[in-house]
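Right, one structure below, let's go through it.
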Amino acid sequence: VMASGEIHCMGGNVNGALGYGRLGEVEGAVQVLHIDQAVEAVEACGSFCALESNGQVWCWGWNFHQLVDPNAENYAAIPTPQLIRGLPDP
């Protein structure tokens, strides 16, 4: 998480882990799409989530037990962050 609130990631991009909208390898760091107010980012089982200062949560990566997108195939690669809806207010 950058001081600006953006998230920059680098690595192998397995299952869309870099969150920049595409699958496959990339050289260097890329900016995660849609997120510009991040205060925290976490990873669990290949799924990545970010909490923004406005309380919104975005997730991307491996759709482990449909955590990232309940409407997508279980265990699918989700390379673009998805806004998680229906969470209680912080």
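These numbers come from a predicted model, not from an experiment.
Residue Q37 holds its CD atom at 7.5 Å from CD of Q56, rounded to the nearest 0.5 Å. Taking CG of L33 as the reference point, atom OG1 of T80 lies at 5.5 Å (rounded to 0.5 Å). The SG atom of C49 lies 7.0 Å from the CH2 atom of W60; values are rounded to the nearest 0.5 Å. We find the CG-CG distance between N63 and D69 to be 6.0 Å, quoted to the nearest 0.5 Å.
With hydrophobic clusters built from ILVMFWY side chains whose heavy atoms lie under 4.5 angstrom apart, I7 shares a cluster with L83. Under a hydrophobic-cluster definition in which Ile, Leu, Val, Met, Phe, Trp and Tyr are linked whenever side-chain heavy atoms come within less than 4.5 Å, directly or via other members, L23 and V30 are assigned to different clusters. Tracing side-chain contacts under 4.5 Å through hydrophobic residues (I, L, V, M, F, W, Y), one never reaches V57 starting from V42; they form parts of separate clusters. The hydrophobic clustering, which links ILVMFWY residues whose side-chain heavy atoms are closer than 4.5 Å, places Y75 and L67 apart. Hydrophobic cluster membership is shared by F48 and V32, with clusters built from Ile, Leu, Val, Met, Phe, Trp and Tyr side chains linked at under 4.5 angstrom.
The two residues Y20 and V26 make their nearest non-hydrogen contact at OH-CB, 3.7 Å. The minimum heavy-atom distance between V1 and A38, with the atom names listed, is CG1-O, 3.5 Å. The nearest pair of heavy atoms linking E52 to D36 is OE2-N, 3.1 Å. When all heavy atoms of G19 and P81 are compared, the closest pair comes out as O-CD, 3.4 Å. For the pair N13 and G24, the tightest heavy-atom approach, listed with the atom from each and the gap, is ND2-O, 2.8 Å. The nearest pair of heavy atoms linking H8 to A29 is CB-CB, 4.5 Å.
Here the side chains of N74 and Q66 are in contact, with some heavy-atom distance below 4.5 Å.
Residues that satisfy the disulfide (SG to SG under 2.5 Å) test with C9, not counting sequence neighbours, are absent from this structure.
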